[in-house]
2 protein chains.
Amino acid sequence: MSLPHAILTALLEKPSSGLELTRRFDRSIGYFWSATHQQIYRELGRLEREGLIRALPSEQPARGQRKSYEVLPAGRAELSRWTAASQDPKPLRDTLLLRLRAAAVIGTAGLEDDLRRHLQLHERQLAEYREIERRDFPPGSDSAQDRLHHLILRAGIDLETFWTRWLRHALEEFADLPDGS
Amino acid sequence: MSLPHAILTALLEKPSSGLELTRRFDRSIGYFWSATHQQIYRELGRLEREGLIRALPSEQPARGQRKSYEVLPAGRAELSRWTAASQDPKPLRDTLLLRLRAAAVIGTAGLEDDLRRHLQLHERQLAEYREIERRDFPPGSDSAQDRLHHLILRAGIDLETFWTRWLRHALEEFADLPDGS
DNA sequence: AATGCCATGTAACCGGTTACATGATTTA
DNA sequence: TAAATCATGTAACCGGTTACATGGCATT
């Protein structure tokens, strides 16, 4: 029950067509809530049927024609409700940790290479976040919006920092392990 | 495609019935791969049909009778294959960050309380992990199994540490924000 | 006219979630 | 013997994933 609210947020930031939303879900919002174009079109249909958004009247709608949407008051209200509502954090769910647990039983053969690969990926993501921070949040940014966006980015940076540190630590342990096991 | 491998790992650690597995998925393995009893029974059925596990021949099977399972060689082979196979990390997906992004557009009203609640929950989880570390991994633990299990636990501890720090930082920012927005 | 890309969709599947059902065993 | 609990399941749903379809537009 989060995709509709992700879309409402994106449309409030800027009214968009399905494809534009899809592009934006490959960046910014997509960094912590990804979605494919199929999901997005399906959800846009639902939100319109429920009266939370509407197609901008400018253009005639047809297959292969751009349709832009904007948020209606009911949509804004629903987003406010959802944002303020108490929600439990989702329990951790991570296959890499699961594979380590399996390796403790059947041996670590083949795992080390993928740990190194993950380290690289996380380092790359961390560098990308840091570049965004440098570009979009120079020291002394001010508005409430900026501060909140920066806070979100900080979570991404700190998370990737955790992973890179932990993976380096894991690789050290591996180097130290009795061979093959 | 991870639940079957979580179950294979658990069964290799110790042959178990469905209910015993369910209990163990509330602790240990469940800390990073949770599962309900419905999932577990469905998956046990599949794994048995596919010849990766078998019911221990000791007892007659009947509804309401315990059935214990053990892993067959084919199951162990599949777990080895899966563990060594290269897998991409899943992109981050977090509703709390999404709610912050929404709050940047519609205002932060009501969010602060839930941030405080999340902070408490993460502090509690962190304390639980630390207690496990104190109990199960006294300084100078040695076997490869222990080192791997400790490594996994460390990931949990570091992740919860990240969340508690970040949430405290977020609450400071909130205290500093122009009122109501 | 054919090719390829842009834009919007439909359909089938799959794993996780929630609600409910049923048989066996223990306890009041 | 009724109620509670243990143990194993079935069924319906829901969101995310993958594969495929279709109409319009631009280029060659």
Side-chain angles (χ1 to χ4, degrees), chain A residues 1-8 10-11 15-26 29-30 32-50 53-56 58-69 82 87-95 98, chain B residues 1-8 10-11 15-26 29-30 32-50 53-56 58-69 82 87-95 98:
Chain A
M1 278 297 299
S2 296
L3 178 59
H5 304 97
I7 291 179
L8 288 172
L11 288 181
S16 305
S17 68
L19 190 69
E20 284 165 345
L21 280 177
T22 302
R23 301 259 180 270
R24 292 169 61 198
F25 272 81
D26 288 337
I29 287 194
F32 50 91
W33 204 271
S34 58
T36 63
H37 79 273
Q38 293 89 336
Q39 280 177 279
I40 288 170
Y41 286 117
R42 175 166 47 174
E43 203 59 46
L44 283 173
R46 277 181 203 156
L47 289 168
E48 190 177 23
R49 273 199 309 281
E50 291 168 11
I53 64 174
R54 65 162 184 181
L56 284 178
S58 51
E59 311 289 335
Q60 77 288 18
R63 208 181 175 100
Q65 294 284 69
R66 302 174 79 85
K67 258 194 302 184
S68 273
Y69 294 91
W82 178 81
Q87 299 178 41
D88 284 335
K90 283 218 137 189
L92 179 57
R93 208 148 236 266
D94 188 279
T95 55
L98 193 51
Chain B
M1 274 297 297
S2 298
L3 178 58
H5 304 97
I7 291 179
L8 288 171
L11 288 181
S16 306
S17 67
L19 192 68
E20 284 165 345
L21 281 177
T22 302
R23 302 259 180 271
R24 292 169 61 199
F25 273 81
D26 287 338
I29 288 192
F32 49 90
W33 203 271
S34 58
T36 63
H37 79 272
Q38 293 91 335
Q39 279 179 278
I40 288 170
Y41 285 118
R42 174 166 48 174
E43 202 60 44
L44 283 172
R46 276 181 204 156
L47 289 169
E48 191 177 24
R49 274 199 310 279
E50 290 168 13
I53 64 173
R54 66 162 182 179
L56 284 179
S58 53
E59 313 287 337
Q60 75 288 14
R63 204 182 177 98
Q65 294 284 70
R66 304 174 78 84
K67 259 194 302 185
S68 272
Y69 293 91
W82 179 81
Q87 300 177 41
D88 284 335
K90 284 220 134 186
L92 178 58
R93 207 150 237 266
D94 188 279
T95 54
L98 192 53

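Each chain gets a letter, A, B and so on, in the order the sequences are listed, and its residues count up from 1.
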>> Strictly below 4.0 Å: does B:Lys90 bring a side-chain N or O up to OP1 or OP2 of D:dG16?
In response: no

>> Could you work out, with salt bridge (charged side-chain N to carboxylate O under 4.0 Å, His left out) as the rule, every residue matching A:Arg46, not counting sequence neighbours?
In response: A:Glu43

> For A:Ser17, which contact category applies under a 4.0 Å heavy-atom criterion: base, sugar-phosphate, or nothing?
Replying inline: sugar-phosphate

>> I'd like to check A:Ile29 versus A:Leu21 (side-chain heavy atoms, cut-off strictly below 4.5 Å). Are they in contact?
In response: no

> How close or far is atom P of C:dC5 from atom NE2 of A:His37, stated in whole angstroms?
Replying inline: 16 Å

> Taking only residues two or more places apart in sequence or in another chain, which ones pass salt bridge (charged side-chain N to carboxylate O under 4.0 Å, His left out) with B:Arg42?
Replying inline: none

> Within this structure, what is the CD1-to-C1' distance between A:Ile7 and C:dT8, rounded to whole angstrom?
Replying inline: 14 Å

> A:Arg93 has a side chain; which of D:dA7, C:dA7, C:dT17 sits nearest to it?
Replying inline: C:dT17

> Taking the nucleotide of DNA chain D with the closest heavy atom to each, which residue, A:Leu3 or B:Tyr69, is nearer the 5' end?
Replying inline: B:Tyr69

>> Rounding to an integer number of Å, can you tell me how far A:Leu19 CG sits from D:dG24 P?
In response: 17 Å

>> Restricting to salt bridge (charged side-chain N to carboxylate O under 4.0 Å, His left out), what partner residues turn up for B:Arg23, sequence neighbours left out?
In response: none

> Would B:Leu3 and B:Ile7 satisfy side chain to side chain contact (heavy atoms under 4.5 Å, CB included), going step by step from the backbone distance to the final call?
Replying inline: CA-CA 6 Å; B:Leu3 178 58; B:Ile7 291 179; 4.1 Å; yes

>> Going by the rule side-chain hydrogen bond (donor to acceptor under 3.5 Å, both in side chains), which residues pair with A:Thr22 if we only count those two or more places apart in sequence or in a different chain?
In response: none

> D:dG16 C1' sits how many Å from A:Met1 CE, rounded?
Replying inline: 15 Å

>> Measure NZ/A:Lys67 against P/D:dT22 and give the value in whole Å, please.
In response: 18 Å

>> Please pick, from C:dG15, D:dG16, D:dT8, the nucleotide with the shortest atom-to-atom distance to any side-chain atom of A:Trp33.
In response: D:dG16

> So which of residues 39-50 of chain A are in contact with DNA chain D, with a heavy-atom cut-off of under 4.0 Å?
Replying inline: A:Gln39, A:Arg42, A:Arg46

> For A:Gln38, what residues pass the side-chain hydrogen bond (donor to acceptor under 3.5 Å, both in side chains) criterion, not counting sequence neighbours?
Replying inline: A:Thr36

> What is the distance, rounded to the nearest whole Å, between atom CD of A:Gln38 and atom P of C:dC13?
Replying inline: 16 Å

